[in-house]
Trainee: 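Structure in C-alpha coordinates, see below.
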Amino acid sequence: SVAELAITFMLSLARRVPQAQKAMANMPKGDIGIFSSLLKQYNLTGVDLEGKPLGIIGTGRIGSAVARKCIAAFDMKVQGYDPYVSADAMKSFGVQKVERLEDMLPKVDFLTVHCPLTQETKGMVGKRELALMKKGAYVINTARGGIVNEKALLEALNSGHIAAAALDAWEIEPPDPQDPLLNHPQVMGTPHYAGTTEESLYRVGIAAVEEVLDSCH
(Lines give C-alpha, C1' and ligand atoms only; values in the text may rest on other atoms or scores of the structure.)
Protein backbone atom coordinates (compact mmCIF):
# COMPACT_ATOMS: atom_id res chain seq x y z
CA SER A 1 0.00 0.00 0.00
CA VAL A 2 2.86 2.39 0.82
CA ALA A 3 4.57 1.53 -2.46
CA GLU A 4 1.38 2.31 -4.37
CA LEU A 5 1.05 5.74 -2.72
CA ALA A 6 4.68 6.56 -3.54
CA ILE A 7 3.96 5.78 -7.20
CA THR A 8 0.70 7.76 -7.01
CA PHE A 9 2.76 10.71 -5.82
CA MET A 10 5.24 10.28 -8.68
CA LEU A 11 2.47 10.29 -11.26
CA SER A 12 0.63 13.21 -9.66
CA LEU A 13 3.75 15.35 -9.44
CA ALA A 14 4.92 14.45 -12.94
CA ARG A 15 1.53 15.25 -14.49
CA ARG A 16 0.80 18.22 -12.19
CA VAL A 17 -2.56 16.78 -11.14
CA PRO A 18 -3.23 19.20 -8.22
CA GLN A 19 -2.54 22.20 -10.47
CA ALA A 20 -4.73 20.74 -13.23
CA GLN A 21 -7.61 20.28 -10.81
CA LYS A 22 -7.25 23.87 -9.67
CA ALA A 23 -7.27 25.00 -13.30
CA MET A 24 -10.49 23.08 -13.97
CA ALA A 25 -12.18 24.84 -11.06
CA ASN A 26 -11.39 28.22 -12.62
CA MET A 27 -12.65 27.62 -16.16
CA PRO A 28 -15.61 29.38 -17.71
CA LYS A 29 -18.27 26.96 -18.91
CA GLY A 30 -18.22 25.80 -22.48
CA ASP A 31 -15.27 27.78 -23.83
CA ILE A 32 -13.15 25.05 -25.43
CA GLY A 33 -10.45 27.53 -26.40
CA ILE A 34 -9.68 28.13 -22.75
CA PHE A 35 -7.92 24.76 -22.45
CA SER A 36 -4.80 25.78 -24.36
CA SER A 37 -4.47 29.05 -22.49
CA LEU A 38 -4.89 27.26 -19.14
CA LEU A 39 -2.06 24.88 -20.01
CA LYS A 40 0.23 27.91 -20.21
CA GLN A 41 -1.33 29.90 -17.36
CA TYR A 42 -1.04 27.04 -14.87
CA ASN A 43 2.11 25.55 -16.41
CA LEU A 44 0.41 22.17 -16.84
CA THR A 45 2.96 20.61 -19.20
CA GLY A 46 4.17 17.62 -17.25
CA VAL A 47 6.72 14.87 -17.81
CA ASP A 48 6.46 11.13 -18.46
CA LEU A 49 7.72 8.55 -15.99
CA GLU A 50 8.66 6.27 -18.89
CA GLY A 51 12.39 5.54 -18.81
CA LYS A 52 13.17 8.15 -16.15
CA PRO A 53 15.94 7.59 -13.57
CA LEU A 54 14.57 6.85 -10.10
CA GLY A 55 16.53 6.86 -6.85
CA ILE A 56 15.34 4.87 -3.85
CA ILE A 57 16.69 5.37 -0.33
CA GLY A 58 15.98 2.12 1.50
CA THR A 59 15.45 -0.95 -0.66
CA GLY A 60 13.80 -3.30 1.82
CA ARG A 61 10.28 -4.67 1.49
CA ILE A 62 8.63 -1.39 0.44
CA GLY A 63 11.51 0.11 -1.53
CA SER A 64 11.97 -3.07 -3.53
CA ALA A 65 8.23 -3.16 -4.28
CA VAL A 66 8.41 0.42 -5.59
CA ALA A 67 11.35 -0.59 -7.78
CA ARG A 68 9.61 -3.65 -9.23
CA LYS A 69 6.42 -1.74 -10.00
CA CYS A 70 8.21 1.25 -11.56
CA ILE A 71 10.38 -0.97 -13.73
CA ALA A 72 7.45 -3.12 -14.85
CA ALA A 73 5.07 -0.25 -15.54
CA PHE A 74 7.37 2.52 -16.75
CA ASP A 75 10.76 0.94 -17.50
CA MET A 76 12.32 3.39 -15.05
CA LYS A 77 16.06 3.11 -14.49
CA VAL A 78 16.35 2.50 -10.76
CA GLN A 79 19.30 3.05 -8.44
CA GLY A 80 19.20 2.19 -4.77
CA TYR A 81 21.04 3.37 -1.68
CA ASP A 82 20.88 1.00 1.27
CA PRO A 83 23.98 -0.05 3.24
CA TYR A 84 22.11 -3.10 4.55
CA VAL A 85 21.05 -4.63 1.21
CA SER A 86 23.63 -6.30 -1.02
CA ALA A 87 24.24 -5.47 -4.66
CA ASP A 88 23.14 -9.01 -5.60
CA ALA A 89 19.88 -8.63 -3.69
CA MET A 90 19.18 -5.30 -5.41
CA LYS A 91 20.06 -6.77 -8.79
CA SER A 92 17.46 -9.48 -8.21
CA PHE A 93 14.72 -6.86 -8.36
CA GLY A 94 16.30 -4.77 -11.09
CA VAL A 95 18.07 -2.09 -9.05
CA GLN A 96 21.65 -0.86 -9.39
CA LYS A 97 23.23 -0.42 -5.95
CA VAL A 98 25.16 2.75 -5.18
CA GLU A 99 27.60 2.81 -2.29
CA ARG A 100 27.30 6.53 -1.55
CA LEU A 101 24.12 8.59 -1.55
CA GLU A 102 25.94 11.55 -3.10
CA ASP A 103 26.74 9.40 -6.14
CA MET A 104 23.06 8.68 -6.78
CA LEU A 105 21.46 12.08 -6.20
CA PRO A 106 22.81 13.95 -9.27
CA LYS A 107 21.59 11.19 -11.59
CA VAL A 108 17.92 10.80 -10.67
CA ASP A 109 14.80 12.72 -11.69
CA PHE A 110 12.74 11.24 -8.84
CA LEU A 111 13.89 10.46 -5.31
CA THR A 112 11.71 8.38 -2.99
CA VAL A 113 12.44 7.54 0.65
CA HIS A 114 11.67 4.13 2.18
CA CYS A 115 13.84 3.72 5.27
CA PRO A 116 13.17 3.94 9.02
CA LEU A 117 13.94 7.07 11.03
CA THR A 118 17.11 6.42 13.03
CA GLN A 119 20.08 8.47 14.22
CA GLU A 120 21.74 7.38 10.99
CA THR A 121 18.90 8.53 8.70
CA LYS A 122 17.69 11.65 10.51
CA GLY A 123 18.25 14.62 8.19
CA MET A 124 19.77 12.30 5.58
CA VAL A 125 18.25 14.39 2.79
CA GLY A 126 19.28 17.92 3.78
CA LYS A 127 20.52 21.11 2.18
CA ARG A 128 23.70 19.55 0.77
CA GLU A 129 21.91 16.50 -0.62
CA LEU A 130 19.11 18.50 -2.24
CA ALA A 131 21.70 20.80 -3.85
CA LEU A 132 23.35 17.73 -5.39
CA MET A 133 20.13 16.75 -7.14
CA LYS A 134 19.27 17.77 -10.68
CA LYS A 135 17.49 21.07 -11.09
CA GLY A 136 13.82 20.18 -11.59
CA ALA A 137 13.94 16.87 -9.70
CA TYR A 138 11.10 15.57 -7.51
CA VAL A 139 11.26 14.40 -3.87
CA ILE A 140 8.82 11.92 -2.28
CA ASN A 141 8.72 10.80 1.36
CA THR A 142 6.23 8.15 2.47
CA ALA A 143 8.55 6.82 5.19
CA ARG A 144 9.06 8.96 8.30
CA GLY A 145 9.24 12.67 8.95
CA GLY A 146 12.72 13.97 9.72
CA ILE A 147 14.55 11.91 7.11
CA VAL A 148 14.03 14.80 4.69
CA ASN A 149 14.94 18.13 6.30
CA GLU A 150 11.80 20.21 5.81
CA LYS A 151 13.49 23.60 6.09
CA ALA A 152 16.04 22.62 3.44
CA LEU A 153 13.30 21.23 1.21
CA LEU A 154 11.29 24.44 1.46
CA GLU A 155 14.35 26.47 0.46
CA ALA A 156 15.03 24.16 -2.50
CA LEU A 157 11.40 24.45 -3.64
CA ASN A 158 11.39 28.24 -3.29
CA SER A 159 14.57 28.53 -5.34
CA GLY A 160 13.10 26.28 -8.03
CA HIS A 161 15.94 23.78 -7.74
CA ILE A 162 13.48 21.07 -6.66
CA ALA A 163 10.43 21.11 -8.93
CA ALA A 164 7.94 19.62 -6.49
CA ALA A 165 7.61 17.31 -3.51
CA ALA A 166 5.08 14.98 -1.93
CA LEU A 167 5.12 14.20 1.78
CA ASP A 168 3.03 11.68 3.68
CA ALA A 169 5.30 11.90 6.74
CA TRP A 170 6.20 15.08 8.64
CA GLU A 171 8.69 16.18 11.30
CA ILE A 172 5.75 17.26 13.49
CA GLU A 173 2.53 15.31 12.99
CA PRO A 174 0.16 16.77 12.22
CA PRO A 175 2.08 19.81 10.97
CA ASP A 176 1.01 23.37 11.73
CA PRO A 177 -1.87 24.26 9.35
CA GLN A 178 0.09 27.44 8.55
CA ASP A 179 3.31 25.54 7.79
CA PRO A 180 4.73 27.13 4.60
CA LEU A 181 5.84 23.72 3.32
CA LEU A 182 2.35 22.24 3.76
CA ASN A 183 0.88 25.24 1.92
CA HIS A 184 3.51 25.43 -0.81
CA PRO A 185 1.98 25.35 -4.33
CA GLN A 186 4.47 22.67 -5.40
CA VAL A 187 3.87 20.33 -2.46
CA MET A 188 1.37 17.52 -2.08
CA GLY A 189 0.74 16.77 1.59
CA THR A 190 -1.15 13.84 3.09
CA PRO A 191 -1.75 12.78 6.73
CA HIS A 192 0.62 9.80 7.12
CA TYR A 193 -1.95 7.47 5.61
CA ALA A 194 0.17 5.53 3.10
CA GLY A 195 -0.47 2.19 4.80
CA THR A 196 -4.18 2.80 5.31
CA THR A 197 -6.12 0.81 2.73
CA GLU A 198 -8.81 -1.83 3.19
CA GLU A 199 -6.38 -4.53 2.07
CA SER A 200 -3.51 -3.30 4.22
CA LEU A 201 -5.66 -3.15 7.37
CA TYR A 202 -6.87 -6.68 6.65
CA ARG A 203 -3.29 -7.93 6.26
CA VAL A 204 -2.30 -6.28 9.56
CA GLY A 205 -5.22 -7.95 11.31
CA ILE A 206 -4.40 -11.37 9.89
CA ALA A 207 -0.73 -10.98 10.85
CA ALA A 208 -1.71 -10.09 14.43
CA VAL A 209 -3.95 -13.15 14.71
CA GLU A 210 -1.23 -15.42 13.29
CA GLU A 211 1.27 -14.06 15.84
CA VAL A 212 -1.16 -14.82 18.69
CA LEU A 213 -1.81 -18.32 17.37
CA ASP A 214 1.91 -19.00 16.93
CA SER A 215 2.59 -17.90 20.52
CA CYS A 216 0.02 -20.41 21.78
CA HIS A 217 1.82 -23.40 20.27
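Everything numeric in this text was worked out from a predicted model, so none of it was measured.
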Trainee: So which of N141, N158, L130 actually passes side-chain contact (heavy atoms from CB on, under 4.5 Å) with L153?
Mentor: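 So, applying the side-chain contact (heavy atoms from CB on, under 4.5 Å) to L153 and each of N141, N158, L130, only L130 qualifies.
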
Trainee: What residue among M90, K91, M104 forms side-chain contact (heavy atoms from CB on, under 4.5 Å) with K97?
Mentor: M90

Trainee: Does D103 use its side chain to pair, donor to acceptor, with the backbone of V98 at less than 3.5 Å?
Mentor: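 Flag not set: sc D103 to bb V98 has no pair under 3.5 Å.
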
Trainee: Report yes if some heavy atom in the side chain of T112 is under 4.5 Å from a heavy atom in the side chain of F9; otherwise report no.
Mentor: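 No; the side chains remain at least 4.5 Å from each other.
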
Trainee: Heavy atoms, side chains only, cut-off 4.5 Å: are Y84 and S86 in contact?
Mentor: no

Trainee: Kindly check if the number of other-residue, nucleotide or ligand heavy atoms within 6.0 Å of CG (L213) is above 12?
Mentor: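 Above 12, so yes.
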
Trainee: Strictly distance-based, threshold 3.5 Å: is any side-chain N or O of E171 a donor or acceptor partner for the main-chain N or O of E150?
Mentor: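 Yes: the side chain of E171 pairs with the backbone of E150.
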
Trainee: Does CD belonging to Q21 count more than 12 external heavy atoms closer than 6.0 Å?
Mentor: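 No, the 6.0 Å shell around CD holds no more than 12 heavy atoms from other groups.
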
Trainee: Kindly determine whether H114 and T59 satisfy side-chain contact (heavy atoms from CB on, under 4.5 Å), including the steps that lead there.
Mentor: CA-CA 7 Å; H114 299 287; T59 57; over 6 Å; no

Trainee: For the atom pair OG1 (T45) and CZ (R15), what is the distance rounded to the nearest 0.5 Å?
Mentor: 9.0 Å

Trainee: Do you see a donor-acceptor pair shorter than 3.5 Å between the side chains of R144 and T121?
Mentor: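 The criterion, which ignores hydrogens and geometry beyond distance, is not satisfied for T121 and R144.
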
Trainee: Is F110 close to L49 at the side-chain level, that is, under 4.5 Å between some pair of heavy atoms?
Mentor: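 Result yes, sub-4.5 Å side-chain heavy-atom pair found.
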
Trainee: How about R16: does its CZ atom have over 12 heavy atoms from other parts shown lying under 6.0 Å from it?
Mentor: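 Yes, the 6.0 Å shell around CZ holds more than 12 heavy atoms from other groups.
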
Trainee: Within the 4.5 Å heavy-atom criterion, are I147 and C115 side-chain neighbours or not?
Mentor: yes

Trainee: Looking at K77 and D75, is there a salt bridge between them, counting it only when a charged N and a carboxylate O are closer than 4.0 Å?
Mentor: yes

Trainee: Using modelled atom types only, decide if a donor and an acceptor are shared between the side chain of W170 and the backbone of T190 within a distance under 3.5 Å.
Mentor: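 Yes, the answer is positive, given that a donor and an acceptor are paired below the 3.5 Å cut-off.
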
Trainee: Would a 4.5 Å heavy-atom cut-off, applied to side chains only, mark L182 and V187 as touching?
Mentor: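 No - every pair of side-chain heavy atoms lies 4.5 Å or more apart.
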
Trainee: Evaluate the side-chain proximity of K22 to P185: yes if any heavy-atom separation is below 4.5 Å, no if none is.
Mentor: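 Not touching, per the 4.5 Å side-chain cut-off.
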
